[in-house]
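Okay, so here's the structure we're looking at.
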Amino acid sequence: MNDQTLLSETLILLAAAAVAVPLFQFLRLGSILGFLVAGLAVGPSGLGLIVEVESVRHFAEWGVVFFLFLIGADLKPSRLWLLRRMVFGAGLAQVVVTGLLITSLLQFLAVPLRQALLLGFGLALSSTAFVLQLLTERRELNTAHGRYGFGILLMQDLAVVPLLALVPLLAAPDSSVGGNLGIALAEGIAIIALLILTGRYLLQPLLHLVAHYATTETFLATVLLLVVGTATLVGEAGMSTAMGAFLAGLLIADSEFRHQIMADIQPFRGILLGLFFMSVGMSVELGQLLFQPLRFLGLVLALLLLKGVVLWALGRAFRLPNSTAVRLGLLLAQGGEFGFVLFGVAAQQGVLDSALHDQAIMAIALSMVATPLLAARAGNLA
């Protein structure tokens, strides 16, 4: 790609986002959906203004890196302890039950166990960015379904680590699935514990030193070095750069500089994550949707129904009122943006074939489209 082509594609992406995102925010459908539709409009399945989707996605994946860094930075151990019933109770139950149910259903449909396992637990995750944005816009973050939804999302964010660690293990053909799950879980716990200790005893003194003697620009450069450096090192170790960024966020979760760091990183996260969602929209095969509309409609309805019922049942099991449990189920029934990352990594390492990858991406994107509509009707349905 030459400089002129890069400049032209950048202008196209900015123009598409500038039109679609405000429009979708005005319609109260959310900025993420606006980015997805903007990407679809300018991509190969739309107007065809941009055809080299992979080159855009390769750069845009840094948006997910910064996004997961901020998620990790927000997971303070003290905060998790206050929300322990929601996080480790309802959240853990949701991930395990939903993941196993989807895995069993996919195996019933003759999907191999390794692929079914990854798809099952990947689709069990909801969209943290999407749901928190909806809750904030509707001022429902402090409601009962908002608090439980937030706790479940925190547990799903924690599940990022073992799931990313699981991908290269599933790619090894001679290893057992049960052993891989145990290894991935143990690896995730060990890495988190090691990095939290490292952050407390090594990173904190370094940040104090830089903040005291350096300029604001130097402090920002040090933070960027932390994010990009940790992500790259973990990637070189055979795991995902996204997981590396998540772990880098955990390093500063208890730091007194956490709020300043999160404020400095937020602009990078916002721009690059928007570009990532546009790259996802560009990769959606609209021809497949038009050629097999009933198939994809069935996939999305099955995902929304299964997750919604599980979340409603868990809400009732945790003694939430029926109306609150219904709202919780409708709010978190969609697939999550992390599925884009997880399934992309799995496809690159040969765990998922292209057909399953495309169908899963399509199901997540369409379930996100349905979420604002379900949220808007949640009160009446409850």
Side-chain angles (χ1 to χ4, degrees), residues 29-33 36 64 67-68 70-71 74-75 83 86-103 118-138 140-141 143-164 242 246 273 276-277 280 299-315 318 320 324-343 360-376 378:
L29 296 176
S31 60
I32 294 177
L33 189 55
L36 289 171
V64 182
F67 175 64
L68 288 176
L70 291 176
I71 289 176
D74 205 37
L75 291 179
L83 297 172
M86 303 175 192
V87 176
F88 299 105
L92 182 60
Q94 186 275 328
V95 173
V96 172
V97 172
T98 308
L100 291 178
L101 284 176
I102 298 177
T103 299
L118 193 66
L119 287 169
F121 281 89
L123 292 173
L125 306 182
S126 306
S127 173
T128 300
F130 211 77
V131 172
L132 291 183
Q133 178 180 325
L134 284 173
L135 288 173
T136 302
E137 289 176 352
R138 297 174 182 277
E140 297 176 353
L141 197 55
T143 61
H145 66 275
R147 290 193 301 272
Y148 265 86
F150 181 68
I152 291 172
L153 289 171
L154 284 181
M155 185 66 241
Q156 293 179 356
D157 293 336
L158 288 175
V160 166
V161 178
L163 285 176
L164 283 173
F246 178 82
L273 189 60
F276 171 76
F277 283 120
V280 171
L299 286 173
V300 174
L301 289 177
L303 177 64
L304 294 173
L305 182 61
L306 189 149
K307 291 185 70 174
V309 169
V310 169
L311 286 159
W312 169 82
L314 286 173
F318 280 80
L320 293 179
T324 302
V326 170
R327 289 174 184 269
L328 183 66
L330 293 173
L331 189 65
L332 271 71
Q334 80 288 126
E337 60 275 343
F338 179 68
F340 297 140
V341 184
L342 179 67
F343 299 150
I361 293 298
M362 182 77 77
I364 292 174
L366 293 178
S367 70
M368 285 183 170
V369 173
T371 299
L373 306 177
L374 291 175

When you compare the side chain of [Y] with that of [X], does any pair of heavy atoms fall below 4.5 Å?
X      : Y      : answer
Leu314 : Val310 : yes
Leu342 : Leu125 : no
His145 : Leu135 : yes

*asked:* List the residues meeting side chain to side chain contact (heavy atoms under 4.5 Å, CB included) with Ala302, not counting sequence neighbours, and say none if there are none.
replied: none
_According to side chain to side chain contact (heavy atoms under 4.5 Å, CB included), who are the partners of Met86, at least two apart in sequence or on a separate chain?_
Leu83, Arg147, Tyr148
Rounded to the nearest 0.5 Å, how far does [atom2] of [Y] lie from [atom1] of [X]?
X      : Y      : atom1 : atom2 : result
Leu163 : Phe338 : CG    : CZ    : 6.0 Å
Leu118 : Leu123 : CG    : CG    : 9.0 Å
Ile361 : Leu366 : CD1   : CG    : 11.0 Å
Arg327 : Thr143 : CZ    : OG1   : 7.5 Å

_Would you say Lys307 and Ser367 are linked by a side-chain donor-acceptor pair, where the criterion is simply a distance under 3.5 Å?_
no
*asked:* Could you report the tightest heavy-atom contact between Gly91 and Met155, atom names first, then the distance?
replied: C-CG, 3.3 Å
_Show the nearest heavy-atom pair for residues Gly339 and Ile364, with the distance to one decimal._
CA-CD1, 3.8 Å
Sequence neighbours excluded and cut-off under 3.5 Å, please list the side-chain donor-acceptor pairs for residues 94-101, or say none.
residue, atom, partner, partner atom, Å
Gln94, OE1, Gln156, NE2, 2.8
Gln94, NE2, Thr98, OG1, 3.3
Gln94, NE2, Ala124, O, 3.0
Thr98, OG1, Gln94, O, 2.7

_So, applying side chain to side chain contact (heavy atoms under 4.5 Å, CB included) with Leu328, which one of Thr324, Leu331, Leu332 is it?_
Leu332
